Each structure stands twice: as structure tokens, then as C-alpha cells.
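First up is the structure itself, then whatever we jot down about it.
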Amino acid sequence: MIKAVMMMNTQGKPRLAKFYDFLVRCLPVEKQQELIRGVFSVLSSRPENVSNFLEIDSLFGPDSRLVYKHYATLYFVLVFDGSENELAMLDLIQVLVETLDKCFSNVCELDIVFNYSKMHTVLDEIVFGGQVLETRSDEVMKAVEEISKSEAASNSISLVPKSVSGWRGGR
Amino acid sequence: MEQLKTIGRELAMGSQGGFGQSKEFLDLVKSIGEARSKAEEDRIVLSEIDILKRKLLEPDIPKRKMKEYIIRLVYIEMLGHDASFGYIHAVKMTHDDNLLLKRTGYLAVTLFLNEDHDLIILIVNTIQKDLRSDNYLVVCAALNAICRLINEETIPAVLPQVVDLLNHHKEAVRKKAIMALHRFHRKSPSSVSHLISNFRKRLCDNDPGVMGATLCPLFDLITEDVASYKDLVSSFVSILKQVTERRLPKSYDYHQMPAPFIQIKLLKIMALLGSGDKSASEIMYMVLGDLFRKCDSSTNIGNAILYECIRSISCIIPSPKLLEAAADAISKFLKSDSHNLKYMGIDGLGRLIKISPDIAEQHQLAVIDCLEDPDDTLKRKTFELLYKMTKSSNVEVIVDRMIDYMISINDNHYKTEIASRCVELAEQFAPSNQWFIQIMNKVFEHAGDLVNIKVAHNLMRLIAEGFGEDDDDADSKLRLSAVESYLQIMSEPKLPSLFLQVISWVLGEYGTADGKYSASYISGKLCDVADAYSSDETVKGYAVSALMKIYAFEIASGRKVDVLPECQSLIEELLASHSTDLQQRAYELQALLALDARAVESILPLDASCEDIEVDKDLSFLNGYIQQAIESGAQPYISERERSGMLETTDYHSQDHHEVPSHALRFEAYERPKPSSLRTQASTELVPVPEPSYYSEAHQPISTSSVSERESSEIKLRLDGVKQKWGRPSYQSSTSASSTPPQAANGTSSHPDVGVGSSSLKPRSSYESKKPEIDPEKQRLAASLFGGSSSSRSDRKSSSGGHKPAKGTASKPPKENPIPVQPPPDLLDFGEPTATSVTATDPFKELEGLMDSSSQDGGSTDVMGVLYSDAAPVTTTTSVDSLLSELSDSSKGNPGTYQSQTSKGPNSQEALEKDALVRQMGVNPTSQNPTLFKDLLG
């Protein structure tokens with residue numbers, strides 16, 4: 001099971017953090033921040049050209065592993081337990097990044113910051129409830145596009161009349 | 001008009017791709033991005049929180065605007081600030097019909113709330129409604145929310161709909177419904193136990209994606225209960241076969257591998273099912289063999305599958321052919337330049353080594369490379385492998401390595417782990433006690449606060465027991481060497497408390513034992529310890545007890561004791577200590593100094609910590625005394641059971657009174673006799689000369705219970721005529737005489753030695769059984785880390801012999817085995833001192849270092865020493881060290897400056913607003929809405 005998905009920049013600012021582990025989810029916000037900081041401090045101390053794996057029992061409990069990948073200014077981090085395969089998780093990060101790349105055509109940190117909800121949409125199509133749901137980035141793209149389309153449609157139909165009625169009611 | 005304009009602007013912004021944000025949000029992100037310090041960032045976020053609080057209170061917020069606010073709230077919370085004031089708006093937004101808003105609402109809610117949040121109850125209705133929606137995207141959004149928001153109590157409210165969705169026409173929905181059900185199973189297995197068959201059914205789904213999703217819950221279910229899924233073995237195997245034969249649609253390919261994630265899950269499941277099951281394993285041989293042949297080891301995902309195959313093979317009962325294939329795959333991993341693959345290779349090696357122990361042999365050099373690698377993860381994995389392959393023949397090198405690494409790291413979590421591993425290996429495989437003590441000293445010195453206290457007791461016991469044979473000479477040598485090493489170590493500053501306890505105990509027990517050190521020297525050292533660690537009462541207690549023993553031995557041997565002035569002042573200080581324990585020890589010490597040699601010798605006999613103590617449970621030696629007392633009119637002892645039956649003496653009281661000294665104030669009314677206090681009282685009559693055998697067994701509870709036992713059995717209770725009117729006094733006078741015996745116990749406090757002494761009664765540890773291995777001749781022959789391959793090492797040694805000048809002592813009888821093929825040594829490499837670029841490390845250089853150090857080891861002439869002994873180039877270690885210290889620094893420098901300015905507690909305004917909202921939505925969290933609860937509970 002995947003316990004957490006995190007993205008943070010090289011200065012340690014969290015860009016996206018999603019926890020799936022029941023225990024971690026029930027922690028207060030501050031504790032979750034501590035986890036993120038803890039992960040960052042480990043990552044930032046790793047030299048170049050070493051493996052992408054870490055054992056991270058000290059932060060996420062026994063049998064916790066972490067896989068990370070460093071793209072430009074961003075760390076992509078997956079935390080998971082022994083029921084996942086490290087190399088496969090590395091490829092899952094690859095899938096995520098490829099998909100984001102397709103979404104934003106050449107993804108960069110800013111895209112991720114400013115398209116927060118879309119990021120989550122993409123992630124939710126790939127990882128669902130802590131399990132890998134879909135690994136084909138084309139399929140993910142299709143699903144995400146469908147959502148955007150239908151969101152846009154519902155927007156143009158419902159938003160204006162509703163706002164207008166709200167406006168009338170307000171007067 | 002104003003409003004219309006805003007709408008226009010929002011629409012314009014919305015058209016920038018549907019996810020556009022307002023300028024304010026962009027500004028916020030930008031300013032936070034440019035913040036120089038955490039404090040500045042906090043300031044920005046706090047002002048943003050103020051703005052949002054104000055804005056959210058405005059009436060008639062346009063929904064578009066509200067969506068934006070909520071995204072900003074999410075952003076704030078991601079940065080670690082409390083956004084709970086806006087949760088209710090996110091909840092409200094999930095009720096919206098507009099998909100965009102609904103999804104935003106769900107997103108925010110899933111990020112804000114956990115399963116047990118109070119507001120969840122307001123969402124359950126919406127989720128129920130959305131699960132029935134015609135729009136599958138709405139259904140998906142609701143399923144997603146379920147996974148993150150539903151707790152045990154609310155599962156029944158949504159369960160029927162989720163089960164219905166397992167047959168939804170959209171495969172995306174079916175997939176998510178399975179995942180949701182799986183999530184329920186994880187959360188509360190009992191809630192979905194009747195639905196497990198659905199997972200089996202979905203395994204046959206037409207859509208491979210749905211089938212793949214089903215494997216996740218099945219994996220969990222099989223982990224819990226293998227036996228009931230054995231019938232699926234052939235199904236899983238045939239699915240895997242079909243996948244590898246590319247029967248799935250091309251779209252499932254990933255980097256030219258057919259559905260790799262499905263393959264990996266299947267392999268994991270097969271590992272579970274084939275474990276210890278020969279017939280199930282045999283069904284798998286074919287497909288596993290195919291996988292090894294087909295897997296493309298040039299891609300990451302191909303290697304992932306290969307690794308998974310290795311794992312499966314290590315779990316099932318493998319065929320020799322598969323083992324061979326797995327070994328080949330591992331050697332490919334280990335030879336790779338990629339650290340990731342090396343890591344997987346080491347891991348695989350660790351798994352396979354349990355089945356075929358010789359497999360590690362061919363990878364010795366690769367393993368050494370990994371051990372020297374700058375990559376900490378790889379290093380740790382390698383230590384794990386070494387830990388798994390430790391035998392009595394290679395334990396010394398491996399443990400030495402581990403300790404060096406342990407010293408070099410700062411991460412307490414891992415330090416604890418590796419320390420406990422060192423101890424475990426040392427206890428299990430120690431070739432000699434001397435070595436064991438050395439290793440323990442190192443572990444204590446560098447990780448003393450992290451190891452279990454039992455380890456310390458074990459060490460003390462070992463020193464006390466010696467070799468476990470009647471070889472007194474060897475024993476005293478061992479002790480002397482322990483004492484010497486401790487006297488040396490003691491001068492170092494800041495030793496861990498546990499280690500000091502061991503040191504004090506050993507010095508007290510054996511410091512003066514063979515006359516090498518004078519009593520005043522040792523006692524001076526002990527005083528130094530007590531002074532230097534004056535805040536640590538346990539250490540002080542040990543030190544005082546040790547002093548007492550030193551003096552006792554002196555007195556007993558008839559020498560005159562000169563109490564050093566610093567000892568005198570220490571004793572005086574402790575006589576007034578706040579700690580009653582220390583006080584008592586000091587008083588005892590003082591009392592002991594005044595006694596004559598004979599008495600002292602019986603109190604503290606020399607080296608008696610592991611004498612077997614015979615406890616006279618019946619205290620028969622007191623029979624005469626009791627008889628006498630009874631004859632002169634004393635009341636017999638009344639056993640506690642009978643007493644409590646009569647007088648309702650509570651346990652609490654009787655326990656309590658062991659501690660209460662007789663002259664202390666009494667706070668209870670004199671209503672009930674307090675039997676146990678009597679014994680304390682009686683102490684004054686009996687103290688001075690305790691039976692010698694008593695000293696170290698002086699356990700209060702034991703003796704008291706034995707008294708009651710005996711009394712109850714031998715002497716009948718005579719209660720008639722005893723008037724209880726005055727309670728305590730009358731009772732006391734009558735029984736005091738008969739209850740005296742345990743007093744001997746009371747005179748001496750329970751010493752730490754007692755624990756050690758009594759533990760010596762346990763059967764001797766496994767050292768004895770290891771005796772044969774200590775034979776150096778045998779050791780030399782058998783010794784090699786990987787067993788059997790000593791030849792290559794000795795050859796390498798002789799070939800490299802000319803290069804290193806300072807290794808004469810290390811030369812050992814070379815083995816006569818044939819010379820394995822060796823790459824010619826790169827001579828130019830030898831001069832280079834640093835070995836930081838590990839992948840390029842010359843194996844010969846490695847061996848040079850290894851041998852060199854083994855010579856420094858005092859010529860521990862075993863060949864095993866050669867390969868793995870302490871040769872870590874210092875540079876590597878230090879770089880790791882500094883790296884880790886950097887790490888801890890950076891974590892320190894990033895203090896959690898979370899400001900709890902906005903409390904999560906309810907404020908009245910918010911409560912009112914919440915109430916209004918709740919009314920408006922027709923969902924009331926109180927019991928005024930019966931239908932909601934009917935849904936939830938029914």
C-alpha cells in the first residue's frame with residue numbers, strides 16, 4: 001500500500017502532499033508537516049548518483065520505504081510498505097510525471113503550484129485509496145480531460161443563471 | 001452591475017483552461033515563493049488567513065469566488081497552517097450540483113478532514129446521493145471521497161450503493177468501487193466480511209483494469225488467510241501466463257512490457273500462495289521460468305518484474321533451475337552500475353541466501369563494493385545482508401564493521417537497530433568472552449543510551465561467570481582485562497549511564513580482586529564517577545555499592561581501610577540525599593565500615609555474585625526463637641489470608657507498609673491492625689547479624705511470603721479471645737515476636753547485584769556450546785566470510801604482498817586451493833588513498849586495506865578476517881559522518897514554527913453560522929433528523 005505521495009521543491013516547500021495511511025491521516029496538520037520536513041531533510045542530504053530508495057521506518061513506522069525522484073526543482077516522493085515493489089514505484093513516479101508533462105506540456109514547478117486541483121485530479125486517477133489504480137498515462141489523460149470537459153460544460157450551463165439568481169435575490 | 005462584471009471576469013479567467021486562478025491567489029503563491037525565511041512566510045500566510053476569514057463572512061459570495069477561497073484554504077493548510085475556520089464552506093460546496101464546484105468541495109474536504117472529523121456526518125448524505133448519480137464522474141468523485149472520509153460507523157450507510165456499483169457499466173467506476181470496498185476491508189474487516197466473494201467474482205471481469213484492481217484486495221485477503229485461496233493458484237498462474245503472452249490489449253503495455261503492474265501483483269500473490277506448498281509451487285515453475293527468459297532487463301520496469309520473480313522464488317519451494325535463474329538475475333543486478341539495481345541485488349541475495357547459502361560466494365567483491373558505497377541506503381541494505389549471513393566463523397569481521405558504521409552515524413533510530421543487531425550477533429556467535437566484552441564495551445560506549453538494559457545485565461553476568469568452567473585462572477584474566485579496559489575508558493567524558501553502571505559494578509566486584517590495583521585507587525575512580533555524573537542517581541547508587549564492596553573486601557582480608565577524603569565527603573553528601581535509595585546505601589556503607597572482619601566477610605563475601613544461594617524458605621533457623629517467644633506469651637503469627645478474612649485488611653495497606661519506617665508519622669486511624677508494618681517495627685530487635693546466605697537474596701517479598709506460608713501451615717490461628725477494640729497496638733504486641741524473621745531482609749536494601757546474582761541461576765548461556773570453535777587451528781581453516789572461498793583471498797593477499805610494506809604480521813599460511821581467475825591488479829591505483837568513488841574501487845586495493853587492518857587486529861590469524869575486516873577507508877566514513885551531521889543540522893535549523901493563532905475550537909459566531917448552514921441543508925448533526933441516522937445505522 002502506498003502511504004503517502006509528496007512533492008516538494010528543492011527548498012523544502014511542500015507542493016503537494018497526500019497521505020493514504022490511516023494513522024498518518026489522523027495526525028494533526030503540524031505533525032504531517034513534521035513528516036514532510038523530515039523527509040525533505042533526508043532527501044536533501046542524499047548525494048547525487050545514488051539509489052532512489054530509502055528506508056524510512058523512523059518517520060512512517062516499521063517496514064516503510066521511500067522512493068524519490070528529483071526533477072529540476074522538484075522532488076517527487078512515494079512512501080509505501082513492503083507490499084509494493086521499489087522499482088515499480090519508481091516507474092509510478094515516472095508515470096505521474098509523464099502524465100503531468102502531457103497535461104501541462106512540459107511541466108514545471110509553477111504549473112503544479114497554480115493548478116493545484118488538477119494535480120489532485122491526475123493523482124487521484126493514478127493512486128486511489130493507497131493502491132495503484134492506473135498506470136497508463138494515456139488513460140489517465142483521457143479521464144482527466146473528460147472531467148475538465150464536463151466541468152467546463154456544467155460551468156457554462158449552471159454558473160451564470162445561478163449567480164444571476166443569487167444576484168437578484170441579493171437585491 | 002458590479003456583480004455581473006465580477007462574473008464576467010471570472011468567466012474570462014475560467015476560460016484560461018478551466019483551472020485558472022485569480023490574481024490574488026497568484027500573488028499569494030508568488031509572495032510565499034519569494035519569502036526568505038519561515039517567519040516571513042508565516043507572516044504572509046497569517047495575513048492571508050485574516051483576509052479569508054473576513055471574506056468568508058461576507059454574504060452572498062459568488063460560487064466561483066468561493067471555489068477560489070477554498071483552493072486558497074487548501075493551499076494554506078498544505079503549508080502547515082490551520083484552516084479549520086473554512087472547513088464548513090468546503091463541506092457545503094460538496095452539496096453543489098455543479099461538477100466543478102462539487103469536485104472542488106470533495107477535494108478540499110478529503111484534504112481537510114480525516115475519517116473521524118465531526119463534519120463528516122454532513123457529507124454522508126451527499127455521498128449517498130452522488131453514488132446514485134447518472135453522471136459517472138460524480139460517482140467517481142464520491143467514491144474517491146469515500147476512500148478518504150468514511151469511518152467504521154459510516155461504512156454501512158454507503159456499503160449497499162458501493163456494492164451495486166461493482167456492476168456499473170463503466171469500468172472506471174467498477175475499478176474504484178473495488179478499491180473502495182478494499183479500503184473498507186482495511187478499515188474494518190468485519191464490515192465487509194460477507195462481501196469478500198465479490199472480489200473473487202470481479203477477478204473474472206472483462207476489463208483487465210478491473211481484474212488488476214481486484215488483485216489489490218485479494219493480496220491483502222490472501223496475506224491474512226492463505227489456505228482458503230489455494231484454489232485460485234492455477235487461475236493466477238494462467239492470468240500471469242496470458243499477460244506475459246501479450247494477450248492483453250496493446251494499451252496495457254508500459255515501456256514495451258505487458259501490464260507490468262499486474263504482473264508484479266500476481267507474482268506477489270503467488271509468493272504467498274506457494275510458500276511452503278510444494279504442489280502449488282510446481283504449478284508456478286513454468287511461468288516463472290518464462291518470465292526470466294522474457295523479461296527485458298534493460299528497462300526499469302523489466303527489472304522490477306525480475307526482482308519480483310526472485311522474491312517469489314525465495315518464498316515458494318523452488319526448483320534448482322529456477323534458483324539458478326534467480327542467481328543469474330541477481331548477479332546481473334549486482335554488476336549493474338545503477339545503485340537501484342545493486343540495492344535490489346543485495347536485497348535479492350539476502351532473500352536467496354536462506355535457501356542456498358553458497359550463492360553469496362561469487363558476489364563477495366560486489367558485496368564489499370556495496371559496503372563501501374557512499375549511498376547510505378545501499379550500505380544499510382548490505383549490513384542487513386551481512387546480518388543474515390553471519391556465522392560463528394565470520395562474526396568478528398561483520399560485527400567490527402557494524403560497530404564502525406554505528407559509530408559513524410547520527411541517526412538514532414538506525415543506531416539503535418544496528419546496536420541491537422551487534423549485541424544479538426555477539427551474544428549468539430561470540431568466539432570468546434574476551435571478544436564479547438570488547439564488543440559490548442564499544443556498543444555501550446557509543447550507543448549506551450540506546451541499548452536494552454538486559455544487555456548490561458548479560459554482560460555483568462558474563463564477567464561474573466567467566467568461561468563457565470572451573471578455570472579460575474582464565475576467569476580472573478578475563479576479569480582483569482575487563483577492569484583494565486574500564487579503568488581506561490572511564491577517563492573519557494560523557495559515557496552513557498548504562499555503561500557506567502556496568503563499569504561501577506565490575507570495578508566494585510573485581511577492581512581489587514587480584515591485587516593489581518589498590519583499593520584506594522579504585523575507590524578514588526568510583527568517587528570520580530559519582531562526582532562527574534552527580535545528576536544520575538542510578539550511577540551514583542552503583543558507585544556507592546561498588547565502594548561498599550571494595551571496602552568490605554579490604555576489611556575482610558584484614559587490611560586497614562583508609563577512606564579517602566573524597567569518598568568520605570561523598571558518603572556524607574549521600575547521607576543527606578533526597579533519594580532514599582542513595583541515603584540507605586550510604587547508611588549501609590557507613591554501618592559496614594564499623595563492623596569487624598568476620599561480620600563483613602559474611603555480609604559481602606568475595607566474588608559471590610553468582611554463587612547459588614540456597615534460600616531457606618521456611619526460615620527454619622528461626623524456629624527456636626519463635627518457640628521461645630511463644631512460650632513467653634507472644635501471639636503466634638497469623639497468616640495474611642486469615643487475617644484479611646477477619647479484618648478486611650486491604651492489599652493496599654499491607655503493601656504500603658513495607659516502605660513506611662517505624663518512626664514515621666502515621667496517618668491512618670488505629671483501627672485495623674497493619675500486619676506488615678509489624679515486621680518493620682520488629683526490625684530494631686533483630687538487625688545486626690544476618691545469616692550470611694541472606695545477603696544477596698534479600699528480597700523482601702520472598703521472605704515475607706515465606707513467613708506467611710510457614711506460619712499458616714504450622715501454627716494454628718487462635719483468634720478467640722483476641723479483642724480488636726484497640727486494633728493495632730494490641731495486635732502488634734502479640735505478634736511482634738513471631739513475625740521477626742524477615743527483618744534480616746529489611747536490613748539491606750535491594751541491591752542491583754541482587755538482580756545479577758539471581759540471574760546467575762539461569763542456565764549457562766550458549767558460549768559453552770561454542771567452545772570447539774575457539775580452537776584457532778580450526779578457525780583458521782574454516783574461517784571465511786562466505787565459506788569455502790578462502791583460496792582466492794589468500795592468493796590475492798600474496799599477490800599484493802609486495803605493495804604494502806607494513807603488513808608482515810598478517811601473512812598467514814596460504815591455502816592450497818586452486819587460484820580463481822583474477823583480473824590483473826591495476827598497480828597505478830594503489831597510491832590513491834581515497835576511495836570515495838566506490839564503483840571504481842579496485843578490488844585489490846580493497847583487499848590490501850583489509851589485510852592491513854587484520855594485521856593490526858593483533859594478528860587474529862583467521863583468514864576470514866582478511867576479507868571483511870576493518871578496512872573502511874577513513875575518508876568514506878567521515879564523509880558519511882559529516883553528511884549525516886549536516887542532515888541533523890538542517891532538520892534542527894528548520895524548527896516547527898507552527899503558529900496556533902487560529903484555534904480549532906468552536907467560536908460562537910462560527911457555531912451560529914454552522915447551525916444556520918445545517919438547517920439550510922436539512923441535515924442536522926444532532927438527533928433532530930431521524931432519517932439521517934436511520935440511514936447510517938440501519
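Model, not experiment: these values are computed from the prediction. Labels below follow one simple rule: chain letters A, B, ... track the order of the sequence lines, proteins then strands, and each chain is numbered from 1.
With a 4.5 angstrom heavy-atom cutoff, E48(A) does not touch chain B via any of its atoms. Neither the backbone nor the side chain of V67(A) comes within contact range of chain B, judged by heavy atoms closer than 4.5 Å. For I178(B), no part sits under 4.5 Å from any heavy atom of chain A, backbone or side chain. For L92(A), the parts lying under 4.5 angstrom from a heavy atom of chain B are both the backbone and the side chain. For chain B, no part of E109(A) is nearby; none of its heavy atoms comes within less than 4.5 Å. Within the 4.5 angstrom heavy-atom criterion, only backbone atoms of A35(B) (N, CA, C, O) approach chain A. No part of S338(B) comes within reach of chain A, as not one of its non-hydrogen atoms sits under 4.5 angstrom from that chain. Residue S137(A): no heavy atom, backbone or side chain, is found under 4.5 Å from chain B. Proximity to chain A is limited to the side chain of D116(B), based on heavy atoms less than 4.5 angstrom apart. Contacts between Y106(B) and chain A at a heavy-atom distance below 4.5 Å are absent for every atom of the residue. Proximity to chain A (any heavy atom under 4.5 Å) is shown, for M78(B), by both the backbone and the side chain.
In this structure, K187(B) forms a cation-pi arrangement with F22(A), its terminal cationic atom sitting closer than 6.0 Å to the ring centre and no more than 45° off the ring axis. The cationic group of R136(A) does not satisfy the cation-pi geometry with Y254(B), failing either the under 6.0 Å distance to the six-membered ring centre or the 45° limit from the ring axis.
S117(A) has its side chain within reach of I71(B): a pair of non-hydrogen atoms, C-beta onward, lies under 4.5 Å apart. Side chains of Q131(A) and R186(B) form a contact here, defined as non-hydrogen atoms less than 4.5 Å apart. At a threshold of 4.5 Å between non-hydrogen side-chain atoms, the residues Y414(B) and S58(A) do not count as touching. Residues L341(B) and L87(A) meet the side-chain proximity criterion, which asks for heavy atoms closer than 4.5 Å. At least one side-chain heavy atom of E55(A) sits less than 4.5 Å from a side-chain heavy atom of E384(B). No side-chain heavy atom of L54(A) sits less than 4.5 Å from a side-chain heavy atom of R380(B). Inter-residue side-chain proximity for E151(A) and K102(B) is flagged as unmet; no heavy-atom pair is nearer than 4.5 Å. Two residues are said to be in side-chain contact when any heavy atoms from C-beta on lie closer than 4.5 Å; N340(B) and L90(A) meet this criterion.
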Side chain to side chain contact (heavy atoms under 4.5 Å, CB included) between T104(B) and Y116(A), intermediate numbers included: CA-CA 10 Å; T104(B) 307; Y116(A) 199 71; over 6 Å; no
Can you check side chain to side chain contact (heavy atoms under 4.5 Å, CB included) on H120(A) and L111(B), steps first, answer last? CA-CA 10 Å; H120(A) 278 280; L111(B) 292 170; 3.6 Å; yes
CA sep, side-chain torsions, deciding dist, call: D375(B), R46(A), side chain to side chain contact (heavy atoms under 4.5 Å, CB included): CA-CA 8 Å; D375(B) 182 354; R46(A) 301 268 298 163; 2.9 Å; yes
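Chain A forms the most heavy-atom pairs under 4.5 Å with one residue out of A172(B), A141(B), S251(B), and that residue is S251(B). Here N144(B) is the residue among I264(B), N144(B), N412(B), D253(B) with the most heavy-atom pairs under 4.5 Å with chain A. In terms of non-hydrogen atom pairs under 4.5 Å with chain B, the most contact-rich of Q32(A), E84(A), M89(A) is E84(A). Counting heavy-atom pairs closer than 4.5 Å to chain A, the top residue among H255(B), R311(B), R183(B) is R183(B). In terms of non-hydrogen atom pairs under 4.5 Å with chain A, the most contact-rich of K30(B), M344(B), E41(B) is M344(B). Per-residue heavy-atom pair counts under 4.5 Å with chain A were compared for L79(B), N303(B), L378(B), and the maximum is reached by L79(B). Of the residues considered (N52(A), L110(A), V132(A)), N52(A) shows the highest number of contacts with chain B, using heavy-atom pairs under 4.5 Å.
Every residue two or more places apart in sequence or in another chain was checked for a ring-ring contact (aromatic ring centres under 6.0 Å, His included) with H413(B), and none qualifies. In this view, Y68(A) satisfies the ring-ring contact (aromatic ring centres under 6.0 Å, His included) rule with no residue, not counting sequence neighbours. By the salt bridge (charged side-chain N to carboxylate O under 4.0 Å, His left out) test, D138(A) pairs with K102(A), sequence neighbours left out.
Heavy atoms only, all atoms of each residue included: P374(B) and P47(A) are closest at O-CG, 4.4 Å. Contact record, A304(B) with A88(A): CB-N, 3.8 Å, taken as the closest heavy-atom pair. Minimum heavy-atom separation, F25(B) to V113(A): CE2-O, 4.2 Å. The shortest non-hydrogen separation linking F128(A) to C147(B) is CE2-SG, 3.2 Å. S150(A) and N135(B) get closest at one heavy-atom pair: OG-ND2, 4.4 Å. When all heavy atoms are compared, the tightest approach of R103(B) to I147(A) is NE-CG2, 3.3 Å.
To the nearest 0.5 Å, atom CG of residue N300(B) and atom CG of residue D91(A) are 4.0 Å apart. Atom-to-atom distance recorded for T135(A):OG1 and I301(B):CD1 is 8.0 Å, nearest 0.5 angstrom. The distance from atom OG of S51(A) to atom NZ of K379(B), rounded to the nearest 0.5 Å, is 12.5 Å. Interatomic distance, D376(B) CG to S45(A) OG, rounded to the nearest 0.5 Å: 8.0 Å. Between the OG atom in S83(A) and the CD1 atom in I269(B) there is a gap of 11.0 Å [rounded to 0.5 Å]. Residue L133(A) holds its CG atom at 8.5 Å from SG of C216(B), rounded to the nearest 0.5 Å.
Among residues 1-21 of chain A, the residues having any heavy atom closer than 4.5 Å to a heavy atom of chain B are, in sequence order, M1(A), K13(A), P14(A), R15(A), L16(A), A17(A), K18(A), F19(A), Y20(A).
Remark: E134(A) does not engage K176(B) in a salt bridge, criterion side-chain N to carboxylate O under 4.0 Å.
The aromatic rings of Y343(B) and F53(A) sit tilted relative to each other, their planes meeting at an angle between 30° and 60°.
A distance-only check finds a donor-acceptor pair linking the side chain of R25(A) to the backbone of R148(B) [under 3.5 Å].
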